[in-house]
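Data block below; observations after.
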Amino acid sequence: MLDPKRLRSELADVAAQLKTRGFELDVAQIEVLEVQRKEWQVKAQDLQATRNSRSKEIGKAKAQGQDIAPLLAEIEDLKTQLEQAEQKSDEVQTQLDDILACVPNTPHESVPVGASEDDNVEIRKWGTPREFDFEVKDHVDLAEARGWFDNDAAVKVTSSRFAVMKGSLARMQRALIQFMLNEHGQAGYEEVYVPFMVNQDSLRGTGQLPKFEADLYKISKNDEHDTNDRDLYLIPTAEVPVTNLFRDEIIDEADLPIKCTAHTPCFRSEAGSYGRDTRGLIRQHQFEKVELVQVVHPEKSHQALEELTGQAESILQKLGLPYRVVNLCTGDIGFSATKTYDLEVWLPGQEAYREISSCSNFEDFQARRLKARFRGGNGKPQLAHTLNGSGLAVGRTLVAVLENYQNEDGSVTVPEALRPYLGGAETI
RNA sequence: GGAGACGUGGCCGAGAGGCUGAAGGCGCUCCCCUGCUAAGGGAGUAUAGGGUUUGUAGCUCUAUCGAGGGUUCGAAUCCCUCCGUCUCCGCCA
C-alpha cells in the first residue's frame, strides 16, 4: 500500500509515476473523496469531542446528586448527528481504502521505463551455454525415457499441470532443496519452516489480496458457523507466510537486517495462463521453491536487493548453470514491487533463457500494510523495507540441470555441488 | 470434538458503568546523590490517525484494554459473535 499522505501531498507526481507502469490513477475521484474525507472526519471527531466532554459533565453532575434530565435533553440530537457523521466518514474512508488497496507500488528511479517484457534490460550474463555434439532433448523427453516423469499418473491422481516424479529425479529434487537451504544458511539466512496455508490478513499484508484472488487456491472450511474470514488459502509462495512473520511487529533496529530462507511448496491456479508452457515441469499448479526474505533498514534496501539477487545467483553458479540477470521494466514489475531483477536460466531444450528467480524490493509498500516496523535511534517506530526472491524455483532448476547436463546416452551428469546430496553419484 | 478458566501498556498486575489512556511493580531513559560497585531520591516512558503548520517542531482532537458488533448521555467494565491461550476429557501422526 502506498502512503496515503503521498496521495494527498503529491498526487499528480504519484499518478505520473504509476503511468509509467501502465496504471491510470483516478486523480479526479481521489481529490473529490479526499475533500469529503476531511470534511466528515473532522465533523465526526468534533462531535465525538463534544460527546466526551458532555458525558463527563453528566457524570460529575450525577455524582453531586444533581438532576441530569436537562443535560440529557440538551444532547438529545447529538447522537444522531454523530452517527450520521461517523457513518459518512467511514463510507468515504472505505472508498479511499478500496482504491488505495488496488494501487500498485511506484517504480524505483533505476527501473527502465517500458510497456512489456520486451523492454526489460539485461544487466549481465554468467556462463556460456554448452555446445552439444548430439541432438538435445528437452526435459520431458529426457525424463520420460528414464521413467522419471509420469504425466498420465499425475492427471489420473489429480489433474493436468501437476507432476508425478519418480526415482532419481525425485531424489534430485530433494537434493536441490537441501543444497539450496544449506547454501543460504551458510550465507546468514536463517532457515524457517512455515504453514502452507494462510489467512486473508496475511495475503493482504503481502499484497496478493484483494487484487489477485483468482490466482489463489482457497480452502473453504465448509462449516456452517465459520465466517468468511476464516477461509484459508494455499500459499502461492513462501513470501506470504515468511514475510507475515513480521506483521504487527516492532523490531529492534540492532536486529536488522533480518534474513530468512524457507522451502515450501507453492500453489498457483494461474487461471489466465492456460496454453503457455503446457509441456513438462515449467508451469505447474504445485511446485517447490526455496525462498529468500529480508527485512531491512529503509536506507539499505536497494543495497540489500543486490545482495539478495547475488545470493540467488550463487546457486546457479555453483550448479554451473548459465543465466542472465534482467532488470524488469516499469510495465513488467509486479504489483507490490518497486524494483525487480529476474534471473533467467539457459534451457537448451528451448534454446532460451527462462525465468528461474525473481528478486524484488518492495520498500515500505508491504511493510505499511503489514505494520512491519523497527524502532530507530529516535525511539519512534518506523516502517521497515521488505524484500524477497526465489533462491531458486526448484522445479525449474531441475529442468535446467536435466537439460544442461544431459548426455548422449540419456543419462544426466550430476553437478559437482550436488553430488554430496546424492550419495556421491556422478551421473543418474 | 466436549467441559471449565482466562485474554489490560515492553513485561507482571489492579480496575467490575463516569474523576481510567488506564493504579502499583519490574524493566528502560534522563537527572541528583554517593570516591569505583551496591543502595537511595526525582522526572519521564504505548500506538495509529486527523486538524493547525513551510515543517517528522509545538499545540490540539479522535481512536485503540484479543477482534468485530450491540446496549448506554457515557463501556476496559454489561450483552452477542468470533479468534486465541491454559487446564481436564476424547481422538490422533
Side-chain angles (χ1 to χ4, degrees), chain A residues 1-10 30 33-97 100-101 193 195-205 219-233 244-255 297-299 363-364 367-384:
Chain A
M1 186 173 79
L2 289 178
D3 187 351
K5 285 175 190 159
R6 267 181 85 195
L7 283 192
R8 282 176 217 148
S9 57
E10 40 190 291
I30 290 174
L33 286 171
E34 190 46 43
V35 169
Q36 290 177 18
R37 187 226 99 223
K38 188 164 169 173
E39 179 187 335
W40 287 107
Q41 186 173 3
V42 168
K43 189 161 186 183
Q45 290 188 352
D46 280 351
L47 289 166
Q48 282 168 336
T50 308
R51 176 204 60 197
N52 290 348
S53 64
R54 284 319 185 82
S55 290
K56 279 190 180 172
E57 287 170 22
I58 291 172
K60 277 179 191 158
K62 201 175 176 184
Q64 290 167 8
Q66 295 172 6
D67 183 15
I68 288 170
L71 286 167
L72 288 181
E74 229 178 282
I75 57 172
E76 206 170 39
D77 61 7
L78 183 70
K79 202 181 174 184
T80 53
Q81 277 184 55
L82 179 58
E83 270 169 15
Q84 195 204 356
E86 281 178 335
Q87 195 199 330
K88 198 75 192 166
S89 175
D90 286 351
E91 219 171 83
V92 176
Q93 194 61 60
T94 302
Q95 285 182 59
L96 277 167
D97 289 346
L100 205 56
Y193 171 82
F196 305 155
M197 293 188 247
V198 293
N199 57 35
Q200 292 193 341
D201 285 342
S202 291
L203 289 159
R204 262 191 289 272
I219 314 286
S220 288
K221 288 272 291 183
N222 222 11
D223 188 328
E224 68 277 5
H225 35 257
D226 259 358
T227 54
N228 286 332
D229 57 355
R230 291 268 331 258
D231 286 338
L232 300 176
Y233 297 76
N244 272 281
L245 293 174
F246 305 100
R247 172 149 54 89
D248 294 319
E249 297 294 327
I250 298 177
I251 301 156
D252 194 337
E253 186 172 9
D255 293 335
H297 192 284
E299 284 166 16
E363 294 188 351
D364 63 11
R368 181 165 295 106
R369 253 193 275 207
L370 287 164
K371 295 198 199 76
R373 294 169 294 174
F374 71 96
R375 202 177 292 279
N378 60 1
K380 290 284 171 199
Q382 54 178 307
L383 294 174

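The sequence lines fix the lettering, A, B, ..., with proteins before strands; numbering per chain opens at 1. These numbers were taken from a predicted model, which means no experiment stands behind them.
Summarising the base pairing, rA14(B) is matched to no nucleotide, lacking a Watson-Crick or G-U wobble pair whose two defining distances lie under 3.5 Å. If you check rC78(B) for Watson-Crick or wobble pairing at under 3.5 angstrom, you find it paired to rG70(B). For rG1(B), the paired base is rC89(B) (Watson-Crick or G-U wobble, both distances below 3.5 Å). The partner of rA48(B) is rU62(B), judged by Watson-Crick or G-U wobble contacts that both fall below 3.5 Å. Nucleotide rU34(B): unpaired (no Watson-Crick or G-U wobble partner with both distances less than 3.5 Å). Remark: rG7(B) base-pairs with rC83(B); criterion is Watson-Crick or G-U wobble with both hydrogen-bond distances under 3.5 Å. Of the nucleotides present, none pairs with rG21(B) by Watson-Crick or G-U wobble criteria with both distances under 3.5 Å. rA57(B) is unpaired under the Watson-Crick or G-U wobble criterion, no partner having all donor-acceptor distances under 3.5 Å.
At rC73(B), none of the side-chain N or O atoms of N52(A) fall inside 4.0 Å of OP1 or OP2 (strictly under the cut-off). Distances shown here put a side-chain N or O of R373(A) below 4.0 Å from the OP1 or OP2 atom of rA48(B). Taking only side-chain nitrogens and oxygens, R51(A) never comes nearer than 4.0 Å to OP1 or OP2 of rU72(B). Between R375(A) and rU47(B) there is a side-chain polar atom (N or O) within less than 4.0 angstrom of OP1 or OP2.
The nearest whole Å value for the distance from the NZ atom in K43(A) to the C1' atom in rC61(B) is 17 Å. Whole-Å rounding puts the R8(A) CZ to rG51(B) P distance at 6 Å. Going from atom CD of Q93(A) over to atom C1' of rU62(B) covers 13 Å, rounded to whole Å. Distance E86(A) CD to rU62(B) C1': 10 Å, rounded to the nearest Å. Rounded to an integer number of Å, the gap from CG of D46(A) to P of rA63(B) is 12 Å. Straight-line distance from the CG atom of D77(A) to the P atom of rC73(B): 13 Å, rounded to whole Å. Atom P of nucleotide rC28(B) and atom CG of D252(A) are separated by 14 Å, given to the nearest angstrom. Between M1(A) atom CE and rG49(B) atom P there is a gap of 9 Å when expressed in whole angstrom units.
The listed nucleotides are rA48(B), rC61(B), rG18(B); the one nearest the side chain of K62(A) is rG18(B). Out of rU62(B), rC73(B), rU47(B), the shortest distance to the side chain of K79(A) is found at rC73(B). Out of rG18(B), rG51(B), rG74(B), the shortest distance to the side chain of K38(A) is found at rG51(B). Distances from the side chain of A49(A) to the nucleotides rG49(B), rU62(B), rG18(B) place rU62(B) closest. Looking at the side chain of K56(A), the nearest of the listed nucleotides rG21(B), rC73(B), rU62(B) is rG21(B). Each of rA46(B), rC73(B), rU62(B) was ranked by its minimum atom distance to the side chain of S55(A); first place goes to rC73(B).
Backbone-only contact: K5(A) has heavy atoms under 4.0 Å from sugar-phosphate atoms and none from a base. Across all strands, P4(A) comes closer than 4.0 Å to no nucleic acid atom at all (heavy-atom distances). When heavy atoms are screened at a 4.0 angstrom cut-off, L72(A) is found touching base atoms of the nucleic acid.
Residue order along RNA chain B, read from the 5' end via each residue's closest nucleotide, puts P381(A) first among E83(A) and P381(A). Both Q48(A) and I250(A) sit near RNA chain B, but only I250(A) has its closest nucleotide nearer the 5' end.
Counting only heavy atoms from C-beta outward, the side chains of Q48(A) and E86(A) approach each other to under 4.5 Å. Between L47(A) and K43(A) the shortest side-chain heavy-atom distance falls below 4.5 Å. You'll find the side chain of R368(A) reaches within 4.5 Å of the side chain of P4(A), heavy atoms only. L370(A) is not listed as a side-chain neighbour of F246(A), based on a closest heavy-atom distance of 4.5 Å or more.
rG1(B) and rC91(B) are spaced 8 Å apart, taking the C1' atom of each and rounding to whole Å. Nucleotides rC86(B) and rC78(B) have their C1' atoms positioned 25 Å apart, rounded to a whole Å. Comparing the P positions of rC79(B) and rG17(B) gives a spacing of 11 Å, expressed to the nearest Å. As rounded to the nearest Å, rA48(B) and rC30(B) have P atoms that lie 23 Å from one another. Comparing rG69(B) with rU64(B), their P atoms are spaced 10 Å from each other, to the whole Å. Spacing of C1' atoms, rA46(B) relative to rC28(B), comes out at 14 Å, to the nearest Å. The same atom, C1', is picked in rC26(B) and in rG13(B); the two are 10 Å apart, to the nearest Å. Comparing the same atom, C1', in rC32(B) and in rG21(B) gives a spacing of 30 Å after rounding to whole Å.
N244(A) places a side-chain N or O within 3.5 Å of a backbone atom of S202(A) that can act as its donor or acceptor partner. In this structure a side-chain-to-backbone donor-acceptor pair under 3.5 Å is present from T80(A) to D77(A). Under the 3.5 Å distance criterion, the side-chain polar atoms of S9(A) are matched with a main-chain donor or acceptor of K5(A).
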task: Please lay out, stage by stage, how R51(A) and R54(A) fare under the test side chain to side chain contact (heavy atoms under 4.5 Å, CB included).
output: CA-CA 5 Å; R51(A) 176 204 60 197; R54(A) 284 319 185 82; 5.9 Å; no

